[in-house]
Structures are given as C-alpha cells and as structure tokens.
Amino acid sequence: MSERYNIKATEAKWRKIWADNDSFAVSENSDKPKYYVLEMFPYPSGRVHVGHVRNYTLGDVVARYKNAQGFNVMHPMGWDAFGLPAENAAIERGEHPAKWTHENIASMREQLKAMGLSIDWSREFATCDPEYYAHEQRMFLKFLERGIAYRKESVVNWDPIDNTVLANEQVIDGCGWRTGAPVERRKLNQWFLKITDYAEELLSSLDRLDKWPEKVRTMQSNWIGKSVGLQFKWDIIGSDGQVEVYTTRPDTLFGASFIALAPDHPMAKTLADGKDGYDEFIASCQAQGTSEAAIEQAEKIGFDTGFKATHPLLGHEIPIYIANFILMDYGTGAVFGVPAHDQRDFEFATKYDLPIMPVVIPDNKDDLNIDKQAYLGDGVLANSQFLDGMSIKDAKAAVISKCEESGTGFGTTQYRLRDWGISRQRYWGCPIPIIYCEDCGAVPVPEEQLPITLPKDVSFDKAGNPLDNHPTWKNVSCPTCGKAARRETDTFDTFFESSWYQFRYCDPKNENLPVDKDKAAYWLPKDGGVDQYIGGVEHAVLHLLYARFFTKAMRDCGFVESNEPFSGLFTQGMVTHETYKDENGKWIFPTDAIKNEAGDWVHIETGASVTIGAIIKMSKSKKNVIDPEEIMDKYGADAARLFILSDSPPERDLEWTESGIEGAWRFINKAYAAITALDLQKGDESNLSDNAKHMRRLTHKTIKGVSAAIEDFAMNKAVALLREFYNGFTSFKPVDDGDQFALSEAVNVFIIMINPIMPHLAEELWANIGHKNSLINEPWASYDESLIVSDSVTIAVQINGKVRATITLPTNADQKMAQEIALAEEKVQKAMEGKNLRKFIYVPKRIVNIVIG
RNA sequence: GGGCCUGUGGCGGAAUGGUAGACGCUGCAGACUUAAAAUCUGUUGUCCGUAUGGACGUGCCGGUUCGAGCCCGGCCAGGCCCA
C-alpha cells in the first residue's frame, strides 16, 4: 500500500520549519567562500506572474545548489517599489500610492514564500521607504559635488499622456515605451548624471564580464556606440564662416560631393533664412519622427542653401544643403556626403543629381554597383591622390594626420551614449534634494535636513505633478541665505533605485551609509560582484547599464570598492502560452476554454467554439495568463518548480502547458510513493555483484552529469538526468547486501540532488528514509570517477560511415583486438563480401569505421 | 542595410566531430475496474516488409573529413539588437 502524498500540508510544514529555524539567514562572518545569488527584484504590481516564478526558481536552484556545495550563500529579496502604476492606481481608485504599494508587497511576499524559496527575508526592503531612498539623496549630493550630477536645460522627450519626461531609452520608435503615444520635444531644466564620462570604461570593461551572455555585451557595446573619426572645418565661400563636420569615414574625403547640415543646426538658419521654400522645408522636417529609425526610413530630402564650401584637399567647390536625415545630437550636426560609400548620401545624391565618385574599390570589381547602391565594404583607395592604393584603415589615419598638420581638424572619438536624464515630474519617486533660491540658485539640501520625504497628504485630482500642486511642501527657506525659496518637485527616475540595490542587501539596516564598505567588499569584492544575477533580457541595456555606471560612480565617490555590480549574468527567456478567442474574436482566458468529448475546443460555460491562436508571451491584454497562486494551490510549489525547469533550456522561451504541469505533479506523487514504500537497508559495500556495480555506475554518472548541468544553467538536462536516474533505481531489484548498499546510495543521492529543484519533497523523503537532519546542512553528493568507468563498452561499427553493427569491447582494447572482433562480426562480414578492406579506424570507447571498396 | 541568435519526430527538447531523437508531453495498444478516472505495462521519426531486415531522415545547396545535426562557404525562413 502506498501512502498518498499530501502536498499542501507537507509543503507548508517544511516552509514553517525553515522559517522557524532561520534556515537561510547569512552573515559575512563565515569560514566558507561567499556566493551572492540575486534575481532582478520585482515591481510590486500585486500578483506574482509566471515569469517571476521562473526567475526565482532558477535563482533558488543556484542558491540551494551552491549552499550544498559549501558556499556561504546570500539570496535576498526586496521590492522595486517606486513607479507609475502606483500613481495610476491612486488616480483611478483614490488610494494612496504608499498604501497600494505596501498592500501589494504584503500579498506578493506571501505568494513568493509559498514557492519555498531559500531567501534570507531579514534583508528585505522596499525602495519606496525613506530608510532606503534617503541614501540616494546623499549619494546624489555627493555626485553633485564631484560633477557626476549636473543640471542643464535640454530638449526632452515629452510623453503627452503620462505628462512626463522620458529617457531616450524609454522612447521606442518615436513613441513612449508605456503609453505608445508619439513623443513631443520640449525644453526643460533637468538633472543629469554624467554617464558619458564613463562611456570608455563601461565599454572596455565589458571584455572582463566573461560570465555575461555575449548578446548582452554586444547590445551594451552598440548602445554606447563608440566611433573614432575626424572633426574638421570647411571654409564657406562668400561668407567668413566655417562649417565644422564630423565623419567616421575620413578615408572617403575625396569622394565628397556635398555638405549637409541638420535642420536645427545654428548655421542652417544663417545660410538659408528668408530663401524660397526654406520655411516649408523646416516645417516638413519637424513633421517627421525624431527617432533615428524613423529618420532613416523617411525619404531623404534637402534644401540647397545656395552656398558652397571649398574642399580642403581638392580645392574645388561643393554645395551646402540642409538635410532631413542629419541629427544635431550626433557629432557636430554636419557631415560631408559621400554618395558612393554611404547609402543615405547615395539616395540624396541620386535625388538631387550630385556626383557619385567611388574612392574605395573592392578586390572583386563586380561588387561595386554604384549606379544602384553605395558600396560599404572593404577595398583599396582610388581617385584620391596621395591615398591611392592604401587600405581604408591607413587612409583614415593619413587623412586625420594631414588635417592635424594643417590645423584644419583633429581625430576624435564619439559615443552614441547620452547623459542619463534623471528628473521625473512624478510624485511616487525619490525627491531630488535641491532647493531653488532666487539669489543663490540651485542649493543642495544640507545633510542634517535629509531625508526629504514625500508628503503623505497629496491629491491626484489635477493633471501634472502632485508635488508641484501641493499647497505647502515646496515652500521652504534657502539653506544659504534664508530667503523664501522653492523645493525641487521632480523625483528621480525609478532606474535610480534599481541601480544600487544589490549593495543595500549587504547591509539593509544601515542608517548612516548606503552600505558599510567592508560588508559591501565581502559580498561584492573589487574584482567581482554578485556571483549570479538572473533576470529578463529586456533589461540588457537600461537597468544593466545604469547599474554598472552607478557602481563605478559610487566607487569614485568612495562608497564602495567594486568596479562591476554583476560578475555573472543569466538572461532567462519569456513564458508563453497558447491564446484563445471566442466566436466574436475576443480573447478568453485559458481557464475558460476546454476540450470537449469530440476533441474540439469550446467555451467552458457557453459551449461555443473557441479558436486556438499563436503561442505568445503571456500578457494580460491577450488573456493567455496563468495565475501561479492557483497552480501552487492545485499542484504545489514543487510541481510548479519542476515543470518550469523541465522542458525548455532557461535562456529560451518556455511554453506553459497544462499537460506539462500535470506531468510534473504525477512525477512527484509517483516518486513519493515509490521511495516511501522502499525498505532501505544499509547493505554491504565489500562484495558487489555486477548488477550493483552497474547501479553505482549510474549513480555516480548522474552526480557528475547533474552537477555539470546545474553549473551550466542547463536545468532541463539536470531534470532529464534525474528522471533517468529515477527510472534506473526504481527498476533495480536488490537481491543481496551489496545490492542493498547500491540502492540505498542511489536513493540518498537522488534526494540530495532533487533538493534544489523540489526542496519540500526532498526534505519529506529525506525524513521518511530515516534522516534526522534537514537537507539544508547536507553537503552535495560527490562522485567517484573510478566507479563511472566500466571495463567493457558497446560501440558502433560503421562501414563506410554507416552503422552496420555494434560490438562490445574491453574498455582498454587496442586497435588489433578491435579489428579482430569487428571483422568477425557476422553483419560486417556480410557487408564486406567481395570488397577489400581499405582502412580500419578505431577510436577507443567511441567507434569503429571500416572503409571498404 | 549591418550585427548576433535560432532552425532536429505530432510537441518541448537531447546529442566533447563518433549508434540522431536522451528525458518528458501527446497519441496508440494492453492490464486492473461493472465502467470511467487514476495507476501500471508495452509502443510511438517516415517509408517498404508478416518478419529477420532494409531505405530515407536534423531548413536548402555545396565543401572539409574515414565519419557532419555539430566545422567551413553560400542561400532560405524566423527572432532579437542596432541603423
């Protein structure tokens, strides 16, 4: 009789035992080596979603595995608690953002705890609490002192629906990343962080992040966008002005056939104002999108200023245009156009009938089709006087040094990266600790007045920033002169909070400092950081770049020693699900669709037919969502954890299926019953039958394989190996003491190895087979390589590369022996009839290939 | 337009250049049951064959190799990032 596994009661029992014993609390006072595992902390939206479950399950496997491996593991959790949804909730329901946020945190904390994560909850914090953001205000003032923070008037991306400024990164295809509304351009006084000062370090130290996905490093590198080029001046004929251009292709200078200015270039107005069609041209430029991609796709149009510039090397004259595809933000806002070697210039020159002169000739002249398109590839310089015959690289250097000699220009490095605008016209964020005084200007709030906390009595009735609308909060006296002054009502971008939270976990209660320097140095040492960081790839540029910059800025201000926050990074895939639509084409929830007896999908209530759509990322709008709480309620946390790790490699998208979660649930019940029913005995190691040796080989092979798979983040392979192992030892029938030993070893090892994946089941089984200790203090299983190697091996025999037979050879068989045995094989002889042996290939333990003809 | 990634049964996916399809899901057959569910056993790439067996098979075309899903070159399709 097998006992049924009471999942809910058992899982709750173990979670209580872990909590009562503070099982996952850690400190830096330990003899063991440290290991810091961190998942991107959640925004407290109110409900845990399946993406969270995947994220925290992956982290928990690593944390529990590293703990068993003998590391001092820190695995903390907190809340990225500032942000717009709380304010939107306040507007919609009249609930205060703080109340909404803390209620959400409370319910999500319970949901996360129900997953059985090995988290040190004593380190928990929420970024919306003054105990957290007070330190941001101190750091900001320090940044200000060191020139890392500054204020300037600038054109900003204005989201007309959210009524707020967006960072460049928050603008996608010219639209707000949250609202999708077309972004407008406005001029405002804004606070900035000088991330551009760190562009070179952020780029060059990417090389050292060798435990980061290549893809993320490439994305950051592209985002920083370093280019080395030439900046130099052209004389304008008939004017005493000069136009300064920037180019990344100085080698193509002899192919220049026009100059193009950005529409908002100061000189554009000077040269063209009042001319026929100029106003219309500018208007049409403003009508088009502001993003680089939009500009790229728009038709290339220009306005001829009528002025000409003198080519500095050729001496002849080329026209100066104003063109819609030149960006004022990049370089000098002016370029020289080389139609033969730049596609945009090519399109422009074709339209305005300008010369197209090739100056780079590819090895294969057929590749050069400059009547159809620009040539961008490699080649040798031509039509370029002293550059003729040079490579592109040499020609670039030659042009730069020529310009530097003549004093007309200089080689320079440009970055695409812009400074980080951190001001937001929002209530639910960290207040910027600045006071504006008519006489003294922008005055930092003195240390003793910190923290500046958010006023609790705010109204969301009016449009705009509630802090600005507040009757009294902003009215203060100037800290310097005492005159009536005005408080800064902007708050920090919420990426500010997530840029340094990895440090705060090291010392979450510190009132005086963001983090104690020694504690930070223990968990995030100079040459390392968080050992394993896990989260979605959507943060590849924004959060991960800001956090890297912030770490370096904090280092330079003396707060920490670290150079990089995250030494290991893993980016998980999305969770997807089938979509369902009813007869009217409306999305319906998976729980409302059911397969009827005829095998057709119908609505569970109405019985109307349901169409199955694409398998896409879970989203509320498409209703293809699964509630993790319901899943854990029905199947238990271990089943959810097992399924989410089973099928897909963690970096790929995972399709959530009912059959998948049910399969995981079945396995848990099956394993519980089978192992509980075993009558395990200690057995005797001294005299092992071949069967027992075979069992032990599987056990030790599995330890090796599972360990490697977990280290490699191949959790799906680890699960597969464990299932194979389970199938192996449950079909093993012990007949003597040696067999008993092998079986007992297998079961113990199995339980230890499923612990990171299914910790509740593991603890329960561990207790059931008679252990008194918790698995938390049980070391990981180790394997004996000598038990893995077998004395004989079955390998394939190929004839001309096709498998014809298999033979069993002693592991140490030599070529001669392999040949004898292989050629004696009946099937081999049959295949060789009438043919000659040309070559005999034997790769020990791998294969035999016989070449005949 | 450029860069990176991916392409394997009905499905998710395994496979240091060495027996392709591990492991799971689904399906099918059987056992148990009055019956169903659950559970257990077997089976499940395609084609030919009663069978022993054989042929084909990792998006397409070529190359390297005794041997290619894997390496190289060129296409095609999908995805991501940058333009």
Side-chain angles (χ1 to χ4, degrees), chain A residues 2 4 172-173 213-225 291-297 325 327 330 342-344 346-347 373-377 416 537-538 540-541 571 573-574 576 578 595 599 615-617 642-667 669-670 673-674 702 705-706 708-709 714-728 730-731 793-807 826-827 830-831 837-853:
Chain A
S2 64
R4 205 178 142 72
I172 295 151
D173 293 333
E214 187 65 42
K215 184 170 72 167
V216 174
R217 289 194 282 168
T218 306
M219 282 163 70
Q220 291 215 347
S221 169
N222 288 340
W223 192 263
I224 295 166
S291 78
E292 290 168 51
I295 286 168
E296 187 69 26
Q297 275 152 23
F325 60 94
L327 297 169
Y330 186 75
D342 182 287
Q343 189 58 28
R344 291 167 305 182
F346 177 86
E347 289 169 32
Q373 58 181 27
Y375 174 72
L376 307 173
R416 211 184 70 94
V537 73
E538 65 273 19
V541 242
T571 51
M574 298 178 304
T576 64
E578 261 180 346
K595 218 177 197 174
I615 298 163
I616 51 174
K617 181 183 179 179
L642 175 62
F643 167 60
I644 219 153
L645 297 169
S646 292
D647 272 8
S648 299
E651 68 277 12
R652 282 203 224 167
D653 288 354
L654 166 77
E655 189 197 345
W656 184 277
T657 60
E658 278 301 304
S659 55
I661 180 74
E662 276 172 14
W665 179 80
R666 274 202 302 272
F667 178 77
N669 286 295
K670 203 164 67 174
T702 306
V706 170
M715 307 309 177
N716 57 324
K717 282 196 256 173
V719 170
L721 287 170
L722 285 168
R723 279 181 177 268
E724 222 172 334
F725 182 38
Y726 172 84
N727 294 339
T730 49
S731 57
V793 64
T794 300
I795 63 169
V797 178
Q798 296 182 331
I799 307 235
N800 288 348
K802 293 202 177 231
V803 178
R804 292 295 157 187
T806 56
I807 55 171
E826 192 191 331
K827 285 172 189 164
K830 206 173 143 197
L837 176 68
R838 290 269 171 84
K839 198 168 177 184
F840 186 90
I841 292 144
Y842 168 56
V843 183
K845 290 187 271 185
R846 293 281 174 214
I847 206 151
V848 164
N849 192 10
I850 302 169
V851 185
I852 59 171

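Throughout, a chain's letter reflects where its sequence line sits, starting with A, and its residues are numbered from 1.
Note on A/R838: nothing from the nucleic acid sits closer than 4.0 angstrom, heavy atoms only. At a threshold of 4.0 angstrom between heavy atoms, the contacts of A/N849 include nucleobase atoms, whether or not backbone atoms are also involved. Within 4.0 Å of A/N727, counting heavy atoms only, lie sugar-phosphate atoms of the nucleic acid but no base atom. Using a 4.0 Å heavy-atom criterion, one finds that A/S646 contacts no nucleic acid atom at all. Within 4.0 Å (heavy atoms only), A/T657 reaches no atom of the nucleic acid at all. Using a 4.0 Å heavy-atom distance criterion, A/Q798 is classed as a base contact. As judged by a 4.0 angstrom heavy-atom cut-off over every strand, A/K839 is placed among residues touching the sugar-phosphate backbone only. Contacts of A/V843 with the nucleic acid, taken as non-hydrogen atoms under 4.0 Å apart, include base atoms. Among the heavy atoms of the strands lying under 4.0 Å from A/S659 are primed sugar atoms or P, OP1, OP2 only; no base atom is included.
For the P atoms, the distance linking B/rA15 with B/rA29 amounts to 33 Å, nearest Å. For the P atoms, the distance from B/rG69 to B/rC82 is 36 Å, rounded to whole Å. Taking atom C1' on both B/rG13 and B/rC23, the two are 9 Å apart, rounded to the nearest angstrom.
If you take CD of A/E214 and P of B/rG3, they are 15 Å apart, rounded to a whole angstrom. Rounded to whole Å, atom C1' of B/rC40 lies 16 Å from atom CZ of A/F667. Atom CD1 in A/I799 sits roughly 16 Å away from atom P in B/rG53 (whole-Å rounding). Atom C1' of nucleotide B/rG7 and atom CG of A/D653 are separated by 15 Å, given to the nearest angstrom. B/rU16 atom P lies 14 Å from atom CD1 of A/I847, rounded to whole Å. Summarising the geometry, the separation between CG on A/L721 and P on B/rA22 is reported as 13 Å, rounded to the nearest angstrom. Rounded to a whole Å, the NZ atom of A/K845 is 14 Å from the C1' atom of B/rG18. One atom, CE of A/M715, and another, P of B/rA22, lie 23 Å apart when rounded to the nearest Å.
Residues A/R846 and A/T218 each lie close to RNA chain B; by heavy-atom proximity, the contact nearer the 5' end of the strand is made by A/T218. Of the two residues contacting RNA chain B, namely A/E655 and A/V851, the nearest-nucleotide position lying further toward the 5' end is that of A/E655.
Summarising the geometry, atom CD belonging to A/E655 is positioned 9.0 Å from atom CG belonging to A/D647; distances are rounded to the nearest 0.5 Å. Going from atom CZ of A/R723 over to atom CG of A/L721 covers 12.0 Å, rounded to the nearest 0.5 Å. With rounding to the nearest 0.5 Å, the separation of NZ in A/K845 from CD1 in A/I795 is 11.5 Å. Between atom CG of residue A/N800 and atom CZ of residue A/R838 there is a gap of 9.0 Å, rounded to the nearest 0.5 Å. Within the model, atoms CZ of A/R804 and CD of A/E826 stand 14.5 Å from one another, a figure rounded to the nearest 0.5 Å.
The partner of B/rG78, taking Watson-Crick or G-U wobble pairs whose two distances both stay under 3.5 Å, is B/rC5. Nucleotide B/rG49 forms a pair with no other nucleotide shown, judged by Watson-Crick or G-U wobble geometry with both contacts under 3.5 Å. B/rU65 makes up no base pair with any nucleotide shown, lacking Watson-Crick or G-U wobble contacts both under 3.5 Å. Checking B/rG21 for Watson-Crick or G-U wobble geometry (two distances, each under 3.5 Å) identifies no partner in any strand. Of the nucleotides present, B/rG30 is the one that pairs with B/rC40 by Watson-Crick or G-U wobble criteria, both distances under 3.5 Å.
Nearest heavy atom pair, residue A/A718 against residue A/A709, reads N-CB, 3.7 Å. Closest approach of A/A831 and A/I799 over heavy atoms only: CB-CD1, 3.8 Å.
A centroid separation of 6.0 Å or more is found between the aromatic rings of A/F643 and A/W665.
For A/P649, taking side-chain heavy atoms from C-beta onward, the closest of the listed nucleotides B/rC81, B/rC82, B/rG13 is B/rG13. In the set B/rG12, B/rA55, B/rA14, B/rA14 carries the atom at the smallest distance from any side-chain atom of A/K717. Comparing atom distances between the A/T794 side chain and each of B/rC66, B/rU19, B/rA22 picks out B/rU19 as nearest. Listed candidates were B/rU19, B/rC23, B/rG18. Nearest to the side chain of A/E724 is B/rC23.
At the phosphate of B/rC81, neither OP1 nor OP2 sits under 4.0 Å from any side-chain N or O atom of A/R217. Close to B/rA55, at under 4.0 Å from its OP1 or OP2, lies no side-chain N or O of A/K802. OP1 or OP2 of B/rC25 sits under 4.0 Å from a side-chain N or O of A/R666. Between A/R652 and B/rG13 there is a side-chain N or O to OP1 or OP2 distance below 4.0 Å.
A donor N or O paired with an acceptor N or O is not found under 3.5 Å between the base of B/rC82 and the side-chain atoms of A/N222.
Classification of B/rG9 as syn follows from a glycosidic angle within 90° of 0.
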